[in-house]
Amino acid sequence: MKPNGCSGTVLAVDDSSDARALYRRLLESTGRVKVLEADSARAAFAILGIGDSAGAPPPIDLILMDLFPGTDAIQTCRLIKATPHLTDIPILVVSARSESEALESAFSAGALDYIEKPVNRVELLARVGSLLQLKSETDARKAREQELLEVKRELEETNQELRRLSSLDGLTGVANRRQLGETLEREWRRGARDSVSMALIMMDIDRFKEFNDRHGHACGDEILRQVAGLLRDVVRRPADLAARYGGDEFAVLLPATEIAGARILAEKLLAGAAELRVPIQEDGSSPKVTLSIGAAAAHHSLRPATAESLLAAADAALYRAKRGGRNRAVIVKVQPGGEPREDSAGPQGESARDEALPPRADELISDLVPGYIENRRRDIRDIQQALEQTDFETIRIRGHNMKGTGKDYGLETVTDLGAVIERAAAAGSRDRILSCLARLSAFLDSLHVLPARPDPPGR
Ligand code: GH3
Ligand code: MG
C-alpha cells in the first residue's frame with residue numbers, strides 16, 4: 001500500500017533500533033518514502049541542522065517521533081517548532097495508550113497527529129501519507145508566495161522607474177512641467193508653514209525658432225540639452241528644482257530663497273549661456289545661445305500671493321526681458337497686494353513703476369484710450385465667461401490682442417498681462433488666467449485718464 005501516493009523523506013526518531021527498522025521497512029516498502037533514522041534527540045538535531053547557523057531547511061518532510069520515556073521528546077518537538085527553517089515539518093508522534101499525558105504535552109508542543117503503539121501498518125501509512133500531502137501543499141503554497149513576493153518587488157521597481165520617467169522630460173532629462181507644478185504647490189504649502197520667501201525663475205531661449213530654421217531640429221535639440229546641462233551645473237541646492245516648462249522654456253524653483261538668491265542664479269545662467277559651445281555647423285557657423293530670464297520672489301506670508309501668482313509674476317518678468325531686448329534678466333518681488341515690483345538691483349534695472357502712471361498714448365489716439373480701457377473691462381467679463389465654458393481658445397485670442405495693442409495705447413501692463421494670458425490659455429492654466437484678470441482689473445482701476453483734448457476752435 002502506498003501512503004496516499006505522496007513521496008518524501010521521513011526522519012524516524014526512536015531509541016529502539018527495532019522500532020526504527022520496522023518503520024523503515026513499512027514505509028520504504030511503498031517505494032515512495034525514504035527513511036532516515038535518529039536514535040536520540042541529539043542525533044535528530046544533527047540531522048535537522050538545529051544550531052546550524054546557515055539554517056537551510058533539511059530535506060526532511062516528516063518527523064516520526066516516539067514519545068520515548070526518559071528522553072525529552074516534548075522538548076525536542078518544541079525546539080523543532082521554534083526553529084524557523086523547521087517549523088513547516090509536520091511531527092507525527094508514536095505513543096502507547098498509557099502515555100496520554102505525554103501525548104497532550106506533545107500536541108501542545110506542536111505535534112500534528114499521533115498513532116498508537118503497537119503500530120498498525122495501515123494506520124501508519126495512512127497518517128504518514130496525509131502528512132506528506134500536507135507538507136507538499138505547504139511547500140507549494142510557500143513557493144507561490146515567494147514567487148508573488150518576487151513579482152511584487154519587480155512591479156514596485158517598475159512603478160518606481162515609471163514614476164521617475166513620468167516626472168522627467170524625455171529630451172533633456174530635467175524635470176518636466178508636471179513635476180514642477182506638483183513641487184511648486186508642495187513647496188509653497190511647506191514654505192507657508194515655515195514662513196519663508198520662495199523664488200521662481202522662468203527662462204526662454206532667444207530666437208530659438210531661427211536656430212531650428214537655419215541649422216535644423218537636431219541642432220535645436222542639442223541646444224535644448226545643453227541649456228538643461230547648464231541648469232544642472234548651476235542649480236545645486238538639493239531642494240531646488242530645474243524643469244523644462246515646454247518648448248524652449250525652462251523654469252527653476254528655488255524654495256526658501258530671497259530675491260537676491262534668484263538674482264545671483266539668473267546672472268550665472270546668463271553668463272553660462274554665453275559659454276555654451278554648440279557644435280560647429282555645416283556652414284562653418286557656431287551658433288551663440290542667449291537666454292531671457294524672468295525671476296520673481298514672494299514671501300509666503302503675503303496675501304493674496306499664491307504659487308500661481310508667483311508663476312504669473314515670473315512669466316510677466318520674462319516677457320519684459322524679451323521686450324527689453326533679450327539676453328537679460330528682469331527680477332521682480334511680489335509685493336503685498338500681489339502686484340510685482342522690480343528689484344532695483346536687477347540686471348536690467350527697468351522701472352516697473354510706470355505702471356501706475358497715466359497712459360502716454362500718442363496724442364493722435366489719446367481720445368481713444370477711455371474706449372480702449374472700457375473694451376479691456378469687457379475683455380475681463382468675456383474671459384471670465386469663457387473660463388466658465390472652458391473656452392481657452394477665446395481667452396488666448398483676447399490675450400493675444402491685448403498683447404498686440406496695449407503698448408500702442410501707452411498701456412504696457414496690458415501688453416504684459418495679455419502675453420501672460422495668451423500663454424496661460426495655451427497651457428490651460430485657469431489659476432494663472434484668474435490671477436492676471438485680477439491684476440488687469442486692479443491696473444485699469446488705478447488709471448487716471450486725462451479727458452480728451454477739446455477740438456481746437458474753428459474746426
Ligand atoms: P523668442 O526670442 O521670442 O523666444 O523667439 P523664439 O524663436 O525662441 O520663439 P519661441 O520661444 O516662441 O519659439 C519656440 C520654438 O521652439 C518653436 C519650436 O519650433 C521650438 N521647439 C519647441 N520644442 C522643441 C523641441 O523639442 N526641439 C526643437 N528642436 N525645437 C523645439
Ligand atoms: Mg524662445
Side-chain angles (χ1 to χ4, degrees), residues 165-180 200-232 242-252 266 269-270 272-274 276-283 285-296 311-312 314-331 347-348 350 392-393 395-397 399-407 412 415-429 432:
L165 289 177
S166 70
S167 64
L168 294 184
D169 172 57
L171 178 68
T172 61
V174 294
N176 61 16
R177 182 176 179 156
R178 184 170 143 249
Q179 197 190 344
L180 176 80
L200 182 72
I201 290 178
M202 299 290 283
M203 65 183 217
D204 186 287
I205 302 173
D206 294 329
R207 308 203 189 287
F208 188 57
K209 267 197 218 98
E210 285 178 23
F211 284 111
N212 274 331
D213 293 347
R214 193 177 314 162
H215 306 292
H217 233 248
C219 174
D221 286 356
E222 171 60 19
I223 292 172
L224 290 172
R225 278 191 288 265
Q226 289 209 15
V227 169
L230 168 65
L231 277 175
R232 275 194 216 94
R244 184 172 175 206
Y245 198 68
D248 62 342
E249 200 174 350
F250 291 83
V252 188
L269 288 167
L270 289 176
L276 291 184
R277 290 285 163 261
V278 181
I280 309 256
Q281 301 300 301
E282 275 176 14
D283 62 5
S285 64
S286 172
K288 293 269 173 287
V289 178
T290 63
L291 302 172
S292 292
I293 296 179
L311 196 60
D315 219 7
L318 168 59
Y319 187 74
R320 295 173 75 124
K322 286 278 183 202
R323 212 191 52 215
R326 295 177 172 78
N327 191 20
R328 69 197 58 219
V330 171
I331 297 167
Q348 189 198 23
E350 181 187 304
F392 286 114
E393 183 55 14
I395 301 172
R396 195 187 64 73
I397 292 168
H400 182 79
N401 290 342
M402 279 189 228
K403 181 175 85 175
T405 53
K407 200 173 171 190
E412 294 190 9
T415 288
D416 290 352
L417 288 171
V420 180
I421 288 172
E422 183 184 11
R423 280 167 186 261
S429 173
R432 276 165 84 189

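Note that ligands are numbered from 1 as they come in the structure, with each ligand's atoms numbered from 1 the same way.
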Taking C-beta and beyond as the side chain, do M202 and L311 meet within less than 4.5 Å on heavy atoms? yes
I need the atoms of ligand 1 closer than 4.0 Å to a non-hydrogen atom of [X], numbered in the order shown.
X: I205; value: 2 (O), 4 (O), 8 (O)
X: R326; value: 1 (P), 2 (O), 3 (O)
X: K209; value: 6 (P), 7 (O), 8 (O), 9 (O), 12 (O), 13 (O), 15 (C), 17 (C)
X: R244; value: 23 (N), 24 (C), 25 (C), 26 (O)

Give the contacting part of [X] toward ligand 1: side chain, backbone, both or neither, where contact means a heavy-atom distance below 4.0 Å.
X: E249; answer: neither
X: D221; answer: both
X: L224; answer: side chain

Tell me, please, if E249 has any N/O/S atom, main chain or side chain, under 2.8 Å from the Mg ion (ligand 2)? no
Check whether any N, O or S atom of R207, backbone or side chain, sits closer than 2.8 Å to the Mg ion (ligand 2). no
No-hydrogen, no-angle side-chain donor-acceptor test under 3.5 Å, S292 and D206: yes
Those residues that, when tested against L276, pass side-chain contact (heavy atoms from CB on, under 4.5 Å) (two or more places apart): Q226, V227, L230, V289
For ligand 1, is there an N or O atom under 3.5 Å from any N or O atom of E210? no
Under 3.5 Å between some N or O of ligand 1 and some N or O of G220? no
Going by the closest heavy atom to atom 1 (P) of ligand 1, which one wins out of R323, R423, K322, E222? K322
